[in-house]
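Structure first, then comments.
Start at 1 and go down the list; that is how both ligands and their atoms are numbered.
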Amino acid sequence: MENMTPTSNLLSSLFFFTLIPLFSRNSIADYTLKQGQSINDTQSIVSAAEIFELGFFSQPQATNLKYLAIWYKGVTPKTVVWVANRDTPVLSSSATLNFKRDGNLVLMNQTGAAFWSSNSTKSIQNPIAQLLDTGNLVLRDSKSEDYVWQSFDYPTDTLLPGMKIGWDSKTGLNRKLTSWTSSIDVSSGEFSFSLNTNGLPQFFVHKGNKTMFRGWPWFDHDFGQSYGNGFNYDLVFDASTEISFSYNDSAHSRTRIVMDSSGSILRHEWNDVGEKWRKAYSFDGAGCNDYDLCGNFGLCNPAVTTSCGCLYGFEQISTKNLSNGCVRRDPKICEAGDGFMKISKVKWPDSTGDSVNMKLGVKDCEAECLKDCGCLAYGTVQIPKIGLACVNWFHKLVDIRYVPDVGSGDDIYVRVAASELEAADEKRSVAVVVAVPIVSVMVFLGLIGGWIFIRRRARGNHEVLIVPPIQEHELEIPIGVLEAATENFSVFNKIGEGGFGSVYKGKLPNGQEIAVKKLAETSGQGLQEFKNEVLFISQLQHRNLVKLLGFCIHNEQILLIYEYLPNKSLDCFIFDDQRRSSLTWPRRIDIIIGIARGLLYLHRDSRLRIIHRDLKAANILLDNEMKPKISDFGMARMFREDQTETKTRRVVGTYGYMSPEYVIDGYFSVKSDVFSFGVMVLEIVNGKKNKGFFHPEHQLNLLGHAWNLWKEGRSLELIDVILEDQFDEHEALRCINIGLLCVQRRPEDRPIMSAVVSMLENENMRLMVPERPGFYEERFIETGIDSSLNDQLSSSSNNVTVTLLDGR
Ligand SMILES: *[C@@H]1O[C@H](CO)[C@@H](O)[C@H](O)[C@H]1NC(C)=O
Ligand SMILES: *[C@@H]1O[C@H](CO)[C@@H](O)[C@H](O)[C@H]1NC(C)=O
Ligand SMILES: *[C@@H]1O[C@H](CO)[C@@H](O)[C@H](O)[C@H]1NC(C)=O
Ligand SMILES: *[C@@H]1O[C@H](CO)[C@@H](O)[C@H](O)[C@H]1NC(C)=O
Ligand SMILES: *[C@@H]1O[C@H](CO)[C@@H](O)[C@H](O)[C@H]1NC(C)=O
Ligand SMILES: *[C@@H]1O[C@H](CO)[C@@H](O)[C@H](O)[C@H]1NC(C)=O
C-alpha cells in the first residue's frame, strides 16, 4: 500500500491507521472529506503527498478524552501541530467528524453532542474539507477555490511555514500561538506568542496577562542568530489591512516554531537522515530580555552581568530597587534650548500605543517629536521590505537594553533639558583630555561599535549629542572582587595554563562562576594582545563564542574575566583515549556545526570581518551541554568589509592549523581561518591530531592521510575507530568532503564559511570535489623557527601558539 503510485493514491488515500482503505463501498476522493462523509476516531485523512495527517488522538493519561488534530505523517514520536478542540475534548468512547447542515465541520460524540465546529459564518452548498500538504485543513465549496474556513487561522502552539500570526482586517482575527498546559496536556496553557498590532509590529511573549518578553520591531533581530540557510520570513505591516508574520524554510522539509509550555520559543528542524527533530533555535528571555527589568527611562546592560542603569540625563529613583526606573535630573523640558541625546546600539523601547509614521526621514521625525511637548523620544528604523518607520514615543520609555553585538542595535534620540546638553558638552572636553593616552583604544571602539565618543552637532535652537550607552569602565572589575572570587588565585582554583598565562576558576558573590585569565606579566606584546581581546570580544555576542564579562588592570597585571565553561576545551576530549568515547557521532556533528556558526558570525555576521588566526581544538571550549564556544581572540584581526586579505610580518598561530599561504608568505584572510577549521573537522572525525599524526604506511600528516583515503574511495576508514559503526555514513562522508574542501592548498578554492554552514546543514546540497590539501606532507618538525614566545612560555604543552618573526 505504501508504495502505491500517485494514480492509485488518488483513488483512496483515506486510511485506517492500519492503512486499510475506508469506505470501500463509496469511492472517496483524495485527501478530502465531502458532504455526507465522516471519519471516526479510528480513521484519518492524509494529505496528498503524505506529509500531514488529520485524525484523533488521546493523551496517555486520559484515553477517554479525544482530540481532533493534525500531525506529521510518519514522524515518531507523534508531533502534533494543530488541535481543533484543545479545551473541549470529546468525552466519549468514540468521536466523529462530519458536516453540519450549513456546511461547517462539526465534531460529535456517539449521541450527537457537538464539541467543536469550524465556525464559518458563510453557509456552503457542497462543502469539501481538504488537508493540504502545508498542514492546513481548509473548508470550501466544491465549486470554488476560496476557503471559507482554514485551520491556519486558528493556531495552537505551532507556527508552520506559510502560516501567519498577527492581525488581518478581512477576517478580523488576531492569530497567536498559545502553549500547551504541559508537555503532555494539550489544553491552552499560560504562555502566548503574538504580534503587537498597536505600534511597531513587535513580538510579545505573555504569561497570562503579564508580558514576559518583547521582540524587536522585526524578526531578524530576535531570531537572526540562527535562522540559517533557506529561511525566509515575510512581514506585512499595513496598519489598515494586515499586520502579520510568516516564514518559509526551503532547506528543511519539515520545520516548525513552537511556543513551548515552559515559556520558551523554539524552532525545530527535521533531520531527514537522522530522522529526528533538531532544536535550531531557542529563546527563553532571561536577563535583560526580561520585559521592563529596569523601569521607565532605565537601560539594561547585559555586558558584565545583567545590571540596570539610566538613559543619559536621568537618574535612578531608588538605589535599592532599580526596577523602579529613573527620573530626569533636570525636569525643565519643553523650554528653549532643549534637544535630543542620541543613544546608540540599543534595543528600542516598547512602542505599544505610540505613533508610527512611515517614510519620514530622521529630520522630519525629529521635527514631529519637537512639535509636541509630550514626545519623549524619536527614532527611525528601516524595516526590511517595508521601509523607513519613524516612531515618536509619548507614554514611557521601557524595556530598553544595550546591545553589545557588533553591527546591531538601533539609535534612539531622547529628549533632554538644555542643561543636560551643556553638561554633556563639558564632559566631552574633559573626556578628550582623559582620552588622549588611550585614544587608539577609543578610535578602535568607535570603529567597532559604530559610535563616536561624544560628538556635538549644532542645529537651530536644539542640539543632538551622541553618547555611548555603555562606558568602557563598566567592563572593569575591581581586583578585590577577583581575589575574593578565586581565593586569592589559589593553586586549587587554577584550571589551566593558556597561551598567554594562567587561568583560574572563581565564583562571584552572586553565585556566577567565572574563569579569570591572568596574562603573563612580561611583554608589551601581551598588552597589545590584551587590548585586542577585550575590545573585540566584549562586542561580540554569539552562543558559539565565549563571553567576555570584563577585565581588570592591577599593578601592571592584566586579567580577563570570562564566563566559566565546566567542560574545558575540545582537545581535552578529542585527543584523549578515554574521554573521546563520550563524543558520539551526533555530538561531533553538533560541535562541528557550532564552530562553523561561530566562525561564520566572526567572518560575516559582524559588520566588520574578524579573522581569528588561531583556531585550534585547544581554543574551542565546551559548555555543560558540550556546545562549542570559540575562545582566545588574542590574535584576532579586524578587516573592513571591502578588505579581503592582508599581509603580516608577524606570523602567529599554531602548527598543524596554519594555512600554507600564511606560514610561507604571511598572508591571512578568512580563508586561512577556513583552513584551520578544515583541520579541526578532520581531527574531530578522526580523533587524532594533525600535528604529530603517525601512520605506519606513510609519512603523511592527517591531511595527507585523509586525502589518500579520499582518492582511493576509502574515506570511511578515517572515522574514529572508537565510534565503531555508530555513525551515519552519509553524514560522515559529507563531513570529510567538507573538511577536505576547507584545507585545499589554494585559498581561492576553499569555501567561505557561509557556504560551509550551508553544506553542513543541508544534506541535499551538492558538494564539490576537493583538490589536494595544502601541507599534507609536512610533519611540523620544529627546527629553525624563531619562536620567541614559545621559549618564553616554555610550556610543557606542545600545543602552544607560536610566533614566527620576520626573517624566518
Ligand atoms: C469507524 O467507521 C468505520 C467505517 O464506517 C467502522 O467500520 C468502524 O466500526 C467505526 N469505528 C467506530 C469506533 O465507530
Ligand atoms: C455525549 O456528550 C454529551 C454532552 O457532554 C453527554 O451528555 C453524553 O452522555 C455523551 N454521550 C456519550 C455516549 O458519551
Ligand atoms: C465558535 O463560535 C462560538 C460563538 O460565536 C464561540 O463560542 C466558539 O468559541 C467558536 N469556536 C471556535 C472553534 O472558534
Ligand atoms: C491579570 O491577571 C491576574 C490574575 O488572573 C488578575 O488578578 C489581574 O487583575 C490581571 N491584570 C490585568 C491588568 O488584567
Ligand atoms: C512561502 O511559500 C508560500 C508558498 O510557496 C508563499 O505563498 C509565501 O509567500 C512564502 N512565504 C515567504 C515568507 O516566503
Ligand atoms: C521593585 O520595584 C518593582 C516595581 O516597582 C516591584 O514590582 C518589585 O517588587 C520591587 N522589588 C523589591 C525587591 O522591592
Side-chain angles (χ1 to χ4, degrees), residues 14-26 28 31-46 52-71 77-78 80-124 126-131 135-139 148-158 173 175-192 208 261:
L14 209 54
F15 297 122
F16 275 100
F17 287 126
T18 50
L19 296 179
I20 296 165
L22 286 174
F23 307 116
S24 38
R25 292 164 283 135
N26 349 1
I28 296 295
Y31 50 84
T32 60
L33 198 63
K34 284 186 187 152
Q35 182 83 55
Q37 297 173 337
S38 65
I39 57 166
N40 63 28
D41 53 339
T42 58
Q43 301 164 319
S44 68
I45 295 180
V46 175
F52 286 98
E53 186 166 14
L54 170 79
F56 291 86
F57 86 103
S58 293
Q59 288 156 343
Q61 80 281 18
T63 47
N64 58 333
L65 303 184
K66 297 204 158 59
Y67 298 92
L68 178 69
I70 297 172
W71 54 84
K78 184 180 272 185
V80 171
V81 296
W82 181 77
V83 182
N85 56 326
R86 64 191 306 189
D87 295 317
T88 53
V90 181
L91 239 168
S92 170
S93 57
S94 102
T96 318
L97 175 70
N98 54 20
F99 292 96
K100 282 199 286 198
R101 218 170 294 140
D102 66 1
N104 269 305
L105 285 167
V106 63
L107 191 57
M108 297 189 297
N109 69 4
Q110 284 135 292
T111 42
F115 287 80
W116 171 86
S117 150
S118 59
N119 256 10
S120 162
T121 49
K122 286 192 200 125
S123 80
I124 329 162
N126 298 298
I128 283 191
Q130 195 168 355
L131 179 62
N136 195 4
L137 175 66
V138 301
L139 183 63
V148 297
W149 180 91
Q150 56 177 336
S151 64
F152 270 18
D153 280 338
Y154 302 89
T156 309
D157 68 335
T158 303
L173 293 168
R175 295 148 294 192
K176 60 178 184 181
L177 306 183
T178 307
S179 68
W180 289 26
T181 296
S182 72
S183 59
I184 52 163
D185 184 352
V186 62
S187 63
S188 299
E190 289 180 297
F191 293 98
S192 68
S261 60

For Q130 and T32, run side-chain hydrogen bond (donor to acceptor under 3.5 Å, both in side chains): C-alpha distance rounded to whole Å, both residues' side-chain angles, the deciding distance at 0.1 Å, then the answer.
-> CA-CA 4 Å; Q130 195 168 355; T32 60; over 6 Å; no

For the side chain of W82 and the backbone of Y154, is there at least one donor-acceptor N/O pair under 3.5 Å apart?
-> yes

Please check atom 9 (O) of ligand 2 for a protein heavy-atom neighbour under 4.0 Å.
-> no

At what distance is the nearest protein heavy atom to atom 5 (O) of ligand 2, and which residue and atom is it?
-> F115 CZ, 3.8 Å

Is Q110 in polar range of ligand 2, meaning some N or O pair under 3.5 Å apart?
-> no

So N98 and T96, side-chain hydrogen bond (donor to acceptor under 3.5 Å, both in side chains) or not? Walk me through it.
-> CA-CA 6 Å; N98 54 20; T96 318; 5.6 Å; no

Donor-acceptor side-chain pairing of S187 and D87 below 3.5 angstrom = no

Note the single closest protein heavy atom to atom 4 (C) of ligand 2, along with its residue, its atom name and the distance in Å.
-> A113 CB, 3.8 Å

Ligand 2 to L91, heavy atom cutoff 4.0 Å, flagged ligand atoms 14 (O)

Side chains of Q35 and N126: do they bring a donor and an acceptor to under 3.5 Å?
-> no

Name the closest protein heavy atom to atom 1 (C) of ligand 2, giving the residue it belongs to and the distance to 0.1 Å.
-> N109 ND2, 1.4 Å

